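Remember, it's a predicted structure, so these values are computed and weren't measured experimentally. Chain identifiers are assigned alphabetically (A, B, ...) following the order of the sequence lines, protein sequences preceding nucleic acid strands; residue numbering begins at 1 within each chain.
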Amino acid sequence: MKASQLPLFTLKEDPREAQVDSHRLLLRAGYIRRQASGFYTFLPFGYLVYRKIEQIVREEMDAHGAVEVHLPVLTPAELWRESGRWDIMGEEMMRLKDRHGHEFALGPTHEEAMTALAREFLQSYKQLPINLYQIGTKYRDEIRPRYGLIRCREFVMKDAYSFHLTEESLHETYELMRRAYRRIFERCGLETIAVEADTGNMGGSASEEFIVASSIGEETLLLCPNTDCGFRANQEKTTFVPLIPYEVGQREERAKIPTPNQKTVEEVAAFLKKDRRSFMKAVVYETEDEIILCFIPGDREISETKVKNLSSGKSLRLASEEAIWALCGAPPGYVGPVGLRFGDRESMVISPNDQKKKIAKVLFDENLRGRHGLISGANEGGYHYVGLSYGRDFHFDKGYDLVEAQEHDLCPRCRTSKLKATRGIEVGHIFKLGRKYSEAMGLRVLDEKGLPVVPTMGCYGIGLGRTMQTIVEQNHDERGIVWPESVSPFRYYLISLAKNSEEEQKVLSLYQMLQKRGVSCYFDDRQERAGVKFHDADLTGFPYQIIAGRSFFEKGELEIKVRKTGEKKMALPEEIY
RNA sequence: CGGGAUGUAGCGCAGCGGUAGCGCACCUGCUUUGGGAGCAGGGGGUCGUUGGUUCAAAUCCAAUCAUCCCGACCA
């Protein structure tokens, strides 16, 4: 392709909107352009790269036994109501009505739609297992779109859904997909780390994320440096194990201490000159039908993800001040385990200002078990208790893991090494979904005995646009992008330094000869000075540059420059492939 | 949704009460031609939108929309 047909859209100056290198370079080198916050146009080069990635994904999915289909972007509300997610998905899901008033979602994911498709044609166990995938546009109304293609509101995802009679069969496909993903990212020139992940509101048992280590990543991973152990997980998923176990402490008298205007653990600890480790921190959440009071060690932060997994799964948020008053009879900051009007054990129904009656739950972190001398709110404004004892002032049967694990905590697997933290971009995710959707949507097949069974499911996603930008994030220098050959729009960037029409004709012949031989080459035939072409060639980042200059016109020799290393060598036209 | 910032030519920005500017890009001509050329000439903006203050508003005030950054984490 020639520049006169397929123009460059390069910019001389950095666009103001871009904050990170990969985003800046994709804009500047003319690969993408923003249309609205979180919505991007793919320009010619960008679309070429995108399609190369798509093709890699397609080839590997096909090679690993999956079948491609294509579903509508709009999914009817009824499907989401069947699974119960119409209400759960919240504002992240974009919705609209047609002229008849029928409700639709712009699909953020397609579990429901694919399960609905499967139940239409799956009747017998003989049809299983089957793995259906599509490459299609998704919509998520992100709170805050960021970093170009990394987090946007319209994006292309490859999503696959597999259906199985047995756990073993699901496991086989899960492993197959794991292998396919390794191949896909490898072919894209990305080094991924596979980590255990939280299953989120998707439901299901096992789940693994494919992460590319990067400082702009929005995921935090915790890794065990002990190679024999090899533990790697998403921070959200990591079980908290303190490096130094919490001391049991001495049993002592309970005392109520005035702590006026001291609300946070930090404030009260400073005020009483006590260590934060001896505090029992209370955090209150509510959902549509629950109020959840959590107690955790005072020196740590709570993991909202972990609490969410222990709740009804609906929209979890910090409780309102009214709800805290209704629950504890005290303002925020003074909540504690003693004197809760419903006791300190299990659940009962209360009625906060929020119209509805809600179930009250109390969750204790396991690290509070059996401890004495703890400090917590007195459930009375302006007072805290010191000297709280397990068994006397609070107790619990089941303790939970509620604390967010951090770097330098103990590895929960080998329990010998300190965890290390890394930031990363999630480019792929594989799940064992289980029967959540097949069950809810009435998917059944007959087994060998002719009895109906509900198939179990797996689900496997890759963000294509995000993958594309991640490749740039990992492959660039101060001059521009350095594409891996597998996804570069073209293999060669041909720069003509012709000074007259005779020389121009020579370069054009060269280009036509390369075309004829099927060499992937972009010909910059613009009437520009050499420097401009060199800069654009480096910026757009194809793996090799062919420079037709003096040596070509005099001796027929071309200069080949390797973009990545800057290394140059001479070659004859026939030697270029 | 809370806090901060910014909207002026295609892009990057200055101007902050008195005729709308600069650099790059674009068009024409001449010279130049191996790392973002020089000279000369030229085209292009209802200053995000709406309302207000004023003799006079890009400039002051208000509202609104859009974009970017930080937060939405925890009493």
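- Here the NZ atom belonging to A:K564 is positioned 9.5 Å from the CG atom belonging to A:D477, to the nearest 0.5 angstrom.
- A:K281 comes within contact range of the sugar-phosphate backbone alone, with a heavy-atom separation under 4.0 Å but no base atom that close.
- If you measure from atom CG of A:L318 to atom P of B:G2, you get 17 Å, rounded to the nearest angstrom.
- In a base pair of the Watson-Crick type (N1 to N3 plus N6-O4 or O6-N4) or a G-U wobble (N1-O2 and O6-N3), with each distance short of 3.5 Å, B:G71 is matched with B:C1.
- Between the side chains of A:Y493 and A:Q545, not a single donor N or O lies within less than 3.5 Å of an accepting N or O.
- If you check distances only, the side chain of A:K499 never reaches the base of B:G34 with a donor-acceptor pair under 3.5 Å.
- Nearest to the side-chain atoms of A:R529 among the listed nucleotides B:G35, B:U32, B:C73 stands B:U32.
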Tabulate atom names and distances for all N/O pairs under 3.5 angstrom spanning the protein and nucleotides 5-8 of chain B.
from, atom 1, to, atom 2, distance (Å)
B:U6, O2', A:R16, NH1, 2.9

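- Within 4.0 Å of A:I296, counting heavy atoms only, lies no atom of the nucleic acid at all.
- In this structure, CG of A:D538 is placed 17 Å from P of B:G34, rounded to the nearest angstrom.
- If you check every strand for non-hydrogen atoms under 4.0 Å, A:V284 touches a base.
- Donor-acceptor pairing under 3.5 Å, judged by distance alone, is present between the side chain of A:R28 and the base of B:G36.
- The side chain of A:Q19 lies closest to B:C68, out of B:C74, B:G35, B:C68.
- Relative to the side chain of A:A36, the nucleotides B:G36, B:U67, B:G35 differ in distance, and B:U67 lies closest.
- Checking B:C16 for Watson-Crick or G-U wobble geometry (two distances, each under 3.5 Å) identifies no partner in any strand.
- When ring centroids are compared, A:F45 and A:F9 stay outside the 6.0 Å threshold.
- With the nearest nucleotide of RNA chain B identified for both A:L497 and A:D14, A:D14 has the one nearer the 5' end.
- With sequence neighbours left out, A:Y511 forms a ring-ring contact (aromatic ring centres under 6.0 Å, His included) with A:F523.
- B:C68 atom P lies 13 Å from atom CD of A:Q35, rounded to whole Å.
- Within residues 465-477 of chain A, no residue is approached by RNA chain B to less than 4.0 Å at the level of any non-hydrogen atom.
- Between the C1' atom of B:C74 and the CD1 atom of A:I292 lies a distance of 14 Å, rounded to the nearest Å.
- A:R95 pairs by the side chain to side chain donor-acceptor pair (under 3.5 Å) definition with nothing, not counting sequence neighbours.
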For nucleotides 24-26 of chain B, print each protein N/O atom paired with a nucleotide N/O atom at under 3.5 Å, atom names and distance only.
from, atom 1, to, atom 2, distance (Å)
B:C24, O3', A:K12, NZ, 3.4
B:A25, OP1, A:K12, NZ, 3.1

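- One P atom belongs to B:A14, the other to B:C73, and the distance between them is 35 Å to the nearest Å.
- Looking at residues two or more places apart in sequence or on another chain, you find a side chain to side chain donor-acceptor pair (under 3.5 Å) between A:S389 and A:H372.
- Side-chain atoms of A:S207 and A:H429 include a donor-acceptor pair closer than 3.5 Å.
- Counting to the nearest Å, the C1' atom of B:U33 and the CD atom of A:E502 are 17 Å from each other.
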Can you give the donor-acceptor pairs under 3.5 Å from side chains of residues 546-553 of chain A to other protein atoms, not counting sequence neighbours?
from, atom 1, to, atom 2, distance (Å)
A:S551, OG, A:E557, O, 3.0

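- The base-pairing partner of B:G34, taking Watson-Crick or G-U wobble contacts with both distances under 3.5 Å, does not exist among the strands shown.
- Residue A:E301 places its side chain closer to B:C73 than to any other of B:G34, B:G36, B:C73.
- If you take atom C1' in B:C69 and the same atom in B:C74, they sit 23 Å apart, rounded to whole Å.
- For the C1' atoms, the distance from B:U46 to B:U67 is 22 Å, rounded to whole Å.
- Residue pairs meeting the ring pair (Phe, Tyr, Trp, His ring centres under 6.0 Å) criterion with at least one member in residues 257-297 of chain A, sequence neighbours excluded, are A:F295-A:F364.
- Regarding A:Q527, its CD atom lies at a distance of 12 Å from the P atom of B:U28, rounded to whole Å.
- Here B:C69 presents its C1' atom at 14 Å from CD of A:E218, a figure rounded to the nearest Å.
- Listed by chain and residue number, A:V562, A:E567 satisfy the side-chain contact (heavy atoms from CB on, under 4.5 Å) test with A:T565 (two or more places apart in sequence, or in another chain).
- Between A:Q262 and A:R34, the residue anchored closer to the 5' end of RNA chain B is A:R34, taking for each the nucleotide with the nearest heavy atom.
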For a quick test of your reading: what N or O donor-acceptor pairs under 3.5 Å do the side chains of residues 25-42 of chain A make, sequence neighbours left out?
from, atom 1, to, atom 2, distance (Å)
A:R28, NE, A:L11, O, 3.1
A:R28, NH1, A:D14, OD1, 3.3
A:R28, NH2, A:K12, O, 3.3
A:Y31, OH, A:W483, NE1, 2.8
A:Y31, OH, A:T540, O, 2.6
A:Y40, OH, A:H23, NE2, 3.1

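- B:C55 and B:G15 are spaced 23 Å apart, taking the C1' atom of each and rounding to whole Å.
- Residues satisfying the side-chain contact (heavy atoms from CB on, under 4.5 Å) criterion with A:R140, sequence neighbours excluded, are A:E92, A:P108, A:T109, A:E142, A:F155, A:M157.
- Nucleic acid contact class of A:I495 (heavy atoms, under 4.0 Å, all strands): none.
- Nucleotides B:G12 and B:G36 are separated by 15 Å at their C1' atoms, to the nearest Å.
- Figure legend. B:A9 is base-paired to no nucleotide; pairs are counted as Watson-Crick or G-U wobble with both atom distances under 3.5 Å.
- Out of B:C69, B:C74, B:C68, the shortest distance to the side chain of A:R146 is found at B:C69.
- Between A:S37 and B:A66 there is no side-chain N or O to OP1 or OP2 distance below 4.0 Å.
- Closest to the side chain of A:I143, out of B:A37, B:C1, B:C74, is B:C1.
- Distance, A:L11 CG to B:C13 C1': 15 Å, rounded to whole Å.
- Base pairing of B:A40: its partner is B:U28, meeting the Watson-Crick or G-U wobble criterion (both donor-acceptor distances under 3.5 Å).
- Pairing of B:U49, defined by two Watson-Crick or G-U wobble distances under 3.5 Å, is identified with B:A63.
- A:Y285 comes within 4.0 angstrom of a base, heavy atoms only.
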(message) Please evaluate residues A:D299 and A:R276 with respect to the criterion salt bridge (Lys or Arg N to Asp or Glu O under 4.0 Å), reporting the C-alpha separation (whole Å), side-chain torsions for both, the decisive distance (0.1 Å), and the verdict.
(response) CA-CA 5 Å; A:D299 61 326; A:R276 289 166 53 160; over 6 Å; no
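- Comparing B:A66 with B:C60, their C1' atoms sit 23 Å apart, to the nearest whole Å.
- By the ring-ring contact (aromatic ring centres under 6.0 Å, His included) test, A:Y492 pairs with A:Y544, sequence neighbours left out.
- Taking CZ of A:R24 as the reference point, atom OH of A:Y147 lies at 14.5 Å (rounded to 0.5 Å).
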